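These figures come from a predicted structure and were not determined experimentally. Convention: sequence-line order gives letters A, B, ...; per-chain numbering from 1.
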Amino acid sequence: SQQGEEDPQALSIQEGENATMNCSYKTSINNLQWYRQNSGRGLVHLILIRSNEREKHSGRLRVTLDTSKKSSSLLITASRAADTASYFCATAANTGTASKLTFGTGTRLQVTL
Amino acid sequence: DAGITQSPRHKVTETGTPVTLRCHQTENHRYMYWYRQDPGHGLRLIHYSYGVKDTDKGEVSDGYSVSRSKTEDFLLTLESATSSQTSVYFCAIKEVDNQETQYFGPGTRLLVL
């Protein structure tokens, strides 16, 4: 399995601070995605970065990808209480059009006022 | 939730009984997926479908079967439920062939006693 590992498992910060979470994976990928999951809900897609990209931004999110180290990081700037959730990375291998995703174990982010 | 519903949302059953979970989508997307989510494991792919009557196994398919007799419904069946199948089950869809983002349903919480 090329399941990713995420680090840290849990992160607690204050509102306004930046949150950084990391993802490592094992095999070659086509792209890497980040998802957010609020408690008791389904996952919501945040951002996708392709294997030939090194950095991508979307609003307060910044994702980096280092394919040589097989790792990615997600930075959330100026965090808000509403950012409290679990965050998962997911890697997509080149398996034709079915695009199966392999998920990491997640980082639980708690943002306090 | 991209027009994805799951039923039932909660179920309690006994070991050895058959259980069927339903995923319904309203937008005729070709690709559908079933995952289970367990603490410490993230999401793991059980089965997926790339069209009516076209399905394939995922990472943790043992003890599960699926059927897709029409585009909008993807059924997951536990032939004889075991306590190890207690989990939260998520259905997901992928909208188009060349897009790799998946959209998730709200989940079904299954408890096998």
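A 4.5 Å side-chain heavy-atom check between A/Arg41 and B/Phe90 finds every atom pair outside the cut-off. Contact of the A/Leu43 side chain with the B/Leu43 side chain is registered, since non-hydrogen atoms from C-beta on lie closer than 4.5 Å. A heavy-atom distance below 4.5 Å is not found between the side chains of B/Tyr31 and A/Lys100.
At most 12 non-hydrogen atoms from other residues, nucleotides or ligands lie less than 6.0 angstrom from CZ of A/Arg80. Within a 6.0 Å sphere centred on CD of A/Glu15, heavy atoms belonging to other residues, nucleotides or ligands number more than 12. Shown here is B/Glu14, whose CD atom has no more than 12 heavy atoms of other residues, nucleotides or ligands within 6.0 Å.
Of the two parts of A/Gln37, only the side chain, counted from C-beta on, holds a non-hydrogen atom closer than 4.5 Å to a non-hydrogen atom of chain B. In this structure, no portion of B/Gln6 lies under 4.5 Å from any heavy atom of chain A.
A distance of 16.0 Å separates CZ of B/Arg44 from CG of A/Leu101, quoted to the nearest 0.5 Å. For the atom pair A/Leu46 CG and B/Thr101 OG1, the distance stands at 10.5 Å (nearest 0.5 Å). The structure places CZ of A/Phe103 at 15.5 Å from NE2 of B/His41, a figure rounded to the nearest 0.5 Å.
Between the A/Tyr35 side chain and the B/Gln102 main chain, a donor and an acceptor come within less than 3.5 Å of each other. Of the possible donor and acceptor atoms, one in the side chain of A/Gln33 sits under 3.5 Å from a partner among the backbone N and O of B/Glu100.
Cluster membership for A/Ile47 and A/Ile49, using ILVMFWY side-chain heavy atoms within less than 4.5 angstrom, is shared. B/Ile4 and B/Leu75 fall into different hydrophobic clusters, where Ile, Leu, Val, Met, Phe, Trp and Tyr residues are linked whenever their side-chain heavy atoms come under 4.5 Å apart, directly or through other members. Transitive grouping of hydrophobic side chains (ILVMFWY, heavy atoms separated by less than 4.5 Å) brings A/Leu11 and A/Tyr87 into a common cluster. Hydrophobic clustering places B/Tyr48 together with B/Val88 (ILVMFWY residues linked when any side-chain heavy atoms are closer than 4.5 Å, directly or through intermediates).
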